[in-house]
Visitor: 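Quick one: this structure, given as structure tokens, is what I'll be asking you about.
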Amino acid sequence: MGKNPEGAKMNDTPSGTPVSAVKDQVRVRMAPSPTGYLHIGGARTALFNWLFAKHHNGKFILRIDDTDTARSTDESMHEIYDALRWLGINWDEQYVQSERRNIYNRYVTQLIHSDNAYFCYCTPEELEDIRAQARADKQPRSYDRRCRHLTSEDLDRFIVVEDRRPTIRIKMPDTPIPVEDLVLGSRNIDPETLEDEVIVRSNGMPNYNLTSIIDDAEMQITHVIRGTEHLNNTPKQIAIANALGLKVPQFAHIPLVLDSSGRKMSKRHHGDLVAVNRYREQGYLPEAVLNFVVRLGWSYDDKQEIFSVDELIEKFDLERVGKSGSVFDIKKLEWLNSHYINQLSISARTDAVIPFWQAEGLINSTERRDWLEDIVEAVGERLTTLQDILPQTRYFFTDEFEYEPKAVKKWWGGSEEKREKTSEMLTNLLQILEEVPSFDIETVETAIWKYTDENDIKRVAAMQALRIALTGTSFGPSLFDIVALLGRDEVLKRIPKAIEHL
RNA sequence: GCCGCUAUCGUCUAGGGGUUAGGACGGAUGGUUCUCAGCCAUCAAACCGGGGUUCGAAUCCCCGUAGCGGUACCA
């Protein structure tokens, strides 16, 4: 029993869905559990699946694996939808496992009837002891399958006397299970190492290994693309499918996304550092995140790093997915992000940046659009993230800023007499700017250069001193752009204020 | 403990029986410039170890080692 159940000959699932209806069409799925936000590894899994589907003109299915009722929440379900939508990963069909319990129940009944599953009355405490013992004995399995052979006295005691609520376990076969993997290759799994997995909890809720493979069959999934953390589940799921006579999808296990010390990125250890939403909030563009994440484990050739979504769809291929884990390198993400930001037209970039100004309370809807665009243009290629717009431009909207201490020390001077000199210079510059006939870039530039050159002052010194006076910082767009954008009144107001501060 | 997977610059990777082992990010240096960013130029930086097979191994095989993943009534 167990190794080749009669059911294995069936072509159709018990629910009667004809497999032939979508024969040959690629169908893949992403099956997140809604126990938190979508994390970066999940986004990559989703992307690989989605690209694979798009490449083959297939369907991408979103399946919420929420059989862990204790941990699943509606909120995180919606967060996952949100994150996927933001990334532009759309799905063709959607299922929620907790709504499909009848389906799983039918299969469980089938497994019991065909003697491929059995009730297990062990308590968690007993299981822990069994596990400890197995470990001490260096056993390959941690459950000894004792409930496979229960006497009627045992059952009497468990059910009648002690009123135990049983779990249901699958009977693993005693023949090797061949596992084929599109990324990792083929191998045979020794049945001695296979656990009689719990497939239904004592509260009646089915478990992942059962629901996953049932749904893959029910939904006619052709390829299961998922992280290698699921590699050890694969033979178990295949065994369940075989016992049920279900068609087994092809598997492709993709390597893990690792942190800088080589460990798997996880919510548990990395907090919101791995949350897709965090990157959204910080001003990363979805194209950048997609482009970054796809190159974690996948490559096209030795020439191309930048891929548009259309190109990815065209070029993505499981054969070019590597086998080893990839470290998440934020620097590379930043590089890609600035690339994609710079790619945006000034108008689009302004649109992208406006929410960040608004969130900071720097602008409201009455702000002049062309002025904002001029600011964005002046900032130029200085944005790594959209959020960088704040330190780069805050001073355009308010004169309530700190004079950056380090900059002050360097350019205004650390000593009394140096400050005096700076004060004098700013006073002169103020006078020049007051007298300048017009406030356009060229006029101002000519006037200031004339002043520095005639007085043998280094251009850098004058400009940086002035920059701090106007912006509080030592970095940023061309100062002449800033002067023009700030306007005469504001400039002539800020310089005296700075002199005062000196 | 047990089971499994993996191994090319710091990182992402290309390549693969004979190559100066290629690219990108990051780093360093120089140039441009009012600063920063950018841009341009240059540089440093790798085939885990040991055995085989072979005329020849980073590449194929074996063995180690290391790292990682799993080992739940999570997914």
Side-chain angles (χ1 to χ4, degrees), chain A residues 31-35 65-68 70-72 120 122-124 127-128 131-132 134-142 165-169 181 184 187 189-190 192-195 197-203 205 207-209 211-212 226-235 253 255-256 258 260-264 292 295-306 320 322-336 338 342 379-384 388 392 407 411 445 448-449 452 458-468 471 473-480:
Chain A
S33 68
T35 54
D65 280 15
D66 61 345
T67 55
D68 185 352
R71 294 196 306 147
S72 298
C120 170
C122 296
T123 64
L127 288 173
E128 217 167 289
R131 247 192 312 269
R135 192 169 229 221
D137 294 345
K138 304 191 173 187
Q139 293 296 313
R141 288 194 305 259
S142 64
R165 308 284 305 145
T167 61
I168 299 174
R169 289 182 184 269
D181 190 286
L184 297 172
R187 70 220 151 87
I189 300 303
D190 180 357
E192 289 304 306
T193 69
L194 258 25
E195 211 74 69
E197 211 71 27
V198 171
I199 54 173
V200 180
R201 298 172 171 91
S202 55
N203 69 4
M205 194 51 102
N207 258 337
Y208 169 74
N209 279 307
T211 59
S212 178
R226 75 219 313 186
T228 48
E229 71 263 31
H230 288 295
L231 196 55
N232 294 319
N233 290 323
T234 308
H253 287 93
L256 299 175
L258 312 172
S260 56
S261 52
R263 291 173 176 283
K264 175 182 157 188
F292 171 66
R295 290 284 290 102
L296 260 25
W298 176 85
S299 64
Y300 180 63
D301 58 17
D302 64 342
K303 298 188 173 55
Q304 195 170 356
E305 289 289 339
I306 306 285
R320 296 199 63 87
K323 295 178 179 182
S324 51
S326 329
V327 174
F328 181 98
D329 179 11
I330 188 74
K331 290 288 185 192
K332 184 142 178 199
L333 208 209
E334 286 176 353
W335 168 70
L336 281 164
S338 62
N342 296 340
V379 169
E381 300 193 341
R382 271 168 269 253
L383 301 178
T384 296
D388 288 346
Q392 286 285 349
W411 297 108
E445 183 172 353
I448 290 182
W449 286 167
T452 54
K458 276 194 189 152
R459 290 182 170 191
V460 182
M463 295 298 273
Q464 284 300 78
L466 188 55
R467 177 183 293 278
I468 295 164
T471 72
T473 69
S474 61
F475 60 87
S478 161
L479 193 53
F480 298 118

Visitor: Roughly how far apart, to the nearest Å, are C34(B) and C25(B) at atom C1'?
Guide: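 The same atom, C1', in both gives a distance of 30 Å.
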Visitor: May I ask you to evaluate whether Arg459(A) reaches the phosphate of C34(B), defined as a side-chain N or O under 4.0 Å from OP1 or OP2?
Guide: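 Indeed, a polar side-chain atom of Arg459(A) lies that close.
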Visitor: Ignoring backbone atoms, establish whether Thr67(A) has a side-chain N or O less than 4.0 Å from OP1 or OP2 of A75(B).
Guide: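 For A75(B), OP1/OP2 do have a side-chain N/O of Thr67(A) under 4.0 Å.
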Visitor: Using only side-chain N and O atoms of Ser142(A), determine if any of them is under 4.0 Å from OP1 or OP2 of U71(B).
Guide: no
Visitor: Could you tell me the separation between the NE2 atom of His253(A) and the C1' atom of G69(B), rounded to a whole number of Å?
Guide: 11 Å
Visitor: Reckon Arg201(A) has a side-chain N or O less than 4.0 Å from the OP1 or OP2 of A75(B)?
Guide: yes
Visitor: On the nucleotide G15(B), are OP1 or OP2 found under 4.0 Å from the side-chain N or O atoms that Arg320(A) carries?
Guide: yes
Visitor: Given U71(B), is OP1 or OP2 found less than 4.0 Å from the side-chain N or O atoms of Arg131(A)?
Guide: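 No, Arg131(A) has no side-chain N/O under 4.0 Å of OP1/OP2 on U71(B).
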Visitor: Any side-chain N or O of Lys303(A) below 4.0 angstrom from OP1/OP2 of U13(B)?
Guide: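 It does not, given that no N or O in the side chain of Lys303(A) lies less than 4.0 Å from OP1 or OP2 of U13(B).
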Visitor: State whether Ser338(A) places a side-chain N or O below 4.0 Å from either non-bridging phosphate oxygen (OP1 or OP2) of G38(B).
Guide: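 Indeed not, no polar side-chain atom of Ser338(A) lies that close.
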Visitor: Okay, side chain of Arg131(A), backbone of Arg141(A): is any donor-acceptor separation there less than 3.5 Å?
Guide: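 No; zero donor-acceptor contacts below 3.5 Å.
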Visitor: Taking only N and O in the side chain of Arg467(A), is any of them less than 4.0 Å away from OP1 or OP2 of U35(B)?
Guide: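 So the side-chain polar atoms of Arg467(A) never come under 4.0 Å of the phosphate oxygens OP1 or OP2 of U35(B).
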Visitor: Report yes if a side-chain nitrogen or oxygen of Asn207(A) is closer than 4.0 Å to either non-bridging phosphate oxygen (OP1 or OP2) of A75(B); otherwise report no.
Guide: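 Checking Asn207(A) against A75(B): at least one side-chain N or O falls below 4.0 Å of OP1 or OP2.
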Visitor: Checking only heavy atoms, does the side chain of Arg135(A) share a donor-acceptor pair with the base of C2(B) at less than 3.5 Å?
Guide: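 For Arg135(A), whose side chain was compared with the base of C2(B), there is no donor-acceptor pair (under 3.5 Å).
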